[in-house]
Protein chains: 2
Amino acid sequence: MAYRSTERVKARLSASRERIIAAALAIMAGHGYAGCSVAAVAERAGVATGSVYRHFPTKAHLFAEVFRTASQREVDAVARAAALEATAADQVSAVVETFSGRALRSPRLAYALLAEPVDPAVDAERLTFRRAYADLIAGYVAAGVASGELPPQDPELTATALVGALAEAMVGPLAAGVAGPATIPDLIRFIHRALGVSP
Amino acid sequence: MAYRSTERVKARLSASRERIIAAALAIMAGHGYAGCSVAAVAERAGVATGSVYRHFPTKAHLFAEVFRTASQREVDAVARAAALEATAADQVSAVVETFSGRALRSPRLAYALLAEPVDPAVDAERLTFRRAYADLIAGYVAAGVASGELPPQDPELTATALVGALAEAMVGPLAAGVAGPATIPDLIRFIHRALGVSP
DNA sequence: GCAAGAAGTGAACCACCATTCAGTCCTTGC
DNA sequence: GCAAGGACTGAATGGTGGTTCACTTCTTGC
């Protein structure tokens, strides 16, 4: 027994792994999933193509993790912004503003995360992304209903529908090119009506 | 000059073309886009693989047309149902019911049309599909606003958001497997609230 | 019936790209 | 310094499935 991986090596390995994920994310943000060949990711990460497979069994596994990471980051940002608000109406407003703002700031990435054609195994990860948003919103809606701020409704359904409305309102502009944030206030008004926020 | 295509031949050609499109649609309804190799489509249509390319320059062109056809059929059905109603509220209810009902009756096809990963060129066709629904709904909303039935709002945005809400509410169930139509009344309630239909 | 030319065929081709693997370089513990 | 074994490399491999094309079959007008 003359070799047993040590802390230093483990750290280097995990650094490599992170670099690969970061490279994949960077390419997605620049050229979408379509630009993400394994070779391109490896080159950007500064490793050989084959080395990618020391960390991930398949490309789909890699990108499942990439999507998970990126989605978590998005959901966290949205949750953080919403947590600063007190009423369901304001919490949901914060969700919409943060979500849209970030999407408009990184349109290529947003498009890749939301709607770009990807490997089915990666696509599955998107469902959990959307689910995470829906769960977040459902919590605010449920609290709003409980406190009487909002009329009775199924928070799950409301949340799912809101996520769809939000995504759809963004995807059009994202696919078309430049997207003006002009519609965001209108979108918030729509969503408040949908929630039953009393004016 | 000893050959000039005649009516009879033209008819046969266009019949072939239609059979190919129908075959593609049938396979989509059964096995999704994933099952639609050119060879499979050709076999089902009763022609040789190469013959497909006498009618369509690429697979993407073929499926762009398949999507266009299928989408038009869906939009027409929805429009026909909505046209029977008089108020914006009822028209939109009819849209939701017809859309959901048809989707739940052909879940595999609905999933393929709405959300299954496809070639980017085909994906582009989906935008026009959603746009068609949005335009339809926008018309009803605009009329409702004009007549005072609905509060002032941007009909385009409302319609886009509604399409998103509708699609999202269906995609979850469609991807998961069996979908109960149980949530449709709730969905209609949500949408009426979103439109500002007075109770 | 025949020549001209189009339609139809399907096996072969080929581009693409994820994945592999034999060889090389590093790290470790003694 | 050295043996053991892991990490790393990147050119070669292989599978998939869209696309082609030399050939056959059918249509047409005379």
Side-chain angles (χ1 to χ4, degrees), chain A residues 1-21 23-24 27-28 31-67 116-123, chain B residues 1-21 23-24 27-28 31-67 116-123:
Chain A
M1 180 250 294
Y3 185 98
R4 206 180 18 156
S5 87
T6 190
E7 281 313 312
R8 194 157 64 86
V9 170
K10 276 188 192 151
R12 181 155 51 78
L13 280 181
S14 110
S16 258
R17 195 187 152 89
E18 292 308 310
R19 265 216 322 289
I20 291 169
I21 293 176
I27 297 181
M28 280 232 299
H31 308 286
Y33 182 80
C36 290
S37 71
V38 174
V41 171
E43 188 186 353
R44 175 141 194 164
V47 299
T49 310
S51 301
V52 171
Y53 289 86
R54 307 231 132 235
H55 298 283
F56 305 94
T58 67
K59 182 185 184 182
H61 280 83
L62 162 59
F63 276 88
E65 182 146 350
V66 169
F67 268 60
E116 186 175 359
V118 297
D119 184 288
V122 178
D123 200 48
Chain B
M1 181 251 292
Y3 185 97
R4 206 180 17 155
S5 90
T6 188
E7 282 312 313
R8 193 158 64 87
V9 171
K10 276 188 194 150
R12 182 155 50 79
L13 280 181
S14 109
S16 257
R17 194 187 152 89
E18 292 308 309
R19 265 215 323 288
I20 290 168
I21 292 176
I27 296 181
M28 279 230 300
H31 309 287
Y33 182 80
C36 291
S37 71
V38 174
V41 170
E43 188 186 352
R44 176 143 194 161
V47 300
T49 309
S51 301
V52 171
Y53 290 86
R54 306 231 138 235
H55 298 282
F56 305 94
T58 67
K59 182 184 184 182
H61 280 83
L62 162 59
F63 276 87
E65 182 146 348
V66 169
F67 268 59
E116 187 176 358
V118 297
D119 183 289
V122 178
D123 198 49

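Proteins come first, then strands; the chains are lettered A, B, ... in the order of their sequence lines, and each starts at number 1. Atoms considered below: every heavy atom in the structure, side chains included; atoms not considered: hydrogens, waters and symmetry mates.
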Rounded to the nearest angstrom, tell me the gap between atom NZ in B/Lys10 and atom P in C/dA6.
14 Å
For atom CD1 of B/Ile20 and atom C1' of C/dG8, their distance in whole Å
11 Å
Quickly work out the B/Leu62 CG to D/dG18 C1' distance and round it to whole Å.
12 Å
Sequence neighbours excluded, which residues qualify as side chain to side chain contact (heavy atoms under 4.5 Å, CB included) partners of A/Thr58?
A/Ala60, A/His61
Set of salt bridge (charged side-chain N to carboxylate O under 4.0 Å, His left out) partners for A/Arg44, sequence neighbours left out:
none
Are side-chain heavy atoms of B/Ile21 and B/Phe56 found at a separation under 4.5 Å?
yes
Among the nucleotides D/dG18, C/dA18, C/dA7, which one has an atom lying closest to any side-chain atom of B/Lys59?
D/dG18
Round to a whole Å and report the spacing from CZ of A/Arg17 to C1' of D/dA7.
16 Å
Between P on C/dT19 and CZ on A/Phe63, what's the gap in Å once rounded to a whole number?
11 Å
Gap between atoms CG and C1', on A/Leu13 and D/dG6 respectively (whole Å):
9 Å
I'd like to check A/Val41 versus A/Phe63 (side-chain heavy atoms, cut-off strictly below 4.5 Å). Are they in contact?
yes
From C-beta outward on A/Arg12, which listed nucleotide comes closest to its side chain: C/dG8, D/dC8, D/dT19?
D/dC8
Kindly indicate whether the side chain of B/Met28, heavy atoms from C-beta on, has any atom under 4.5 Å from the side chain of B/Cys36.
yes
If you round to the nearest 0.5 Å, how far is CD of B/Glu18 from NE2 of B/His55?
10.0 Å
Tell me which residues in residues 39-55 of chain A put a heavy atom below 4.0 Å from DNA chain C, sorted by number, or none.
A/Thr49, A/Gly50, A/Tyr53
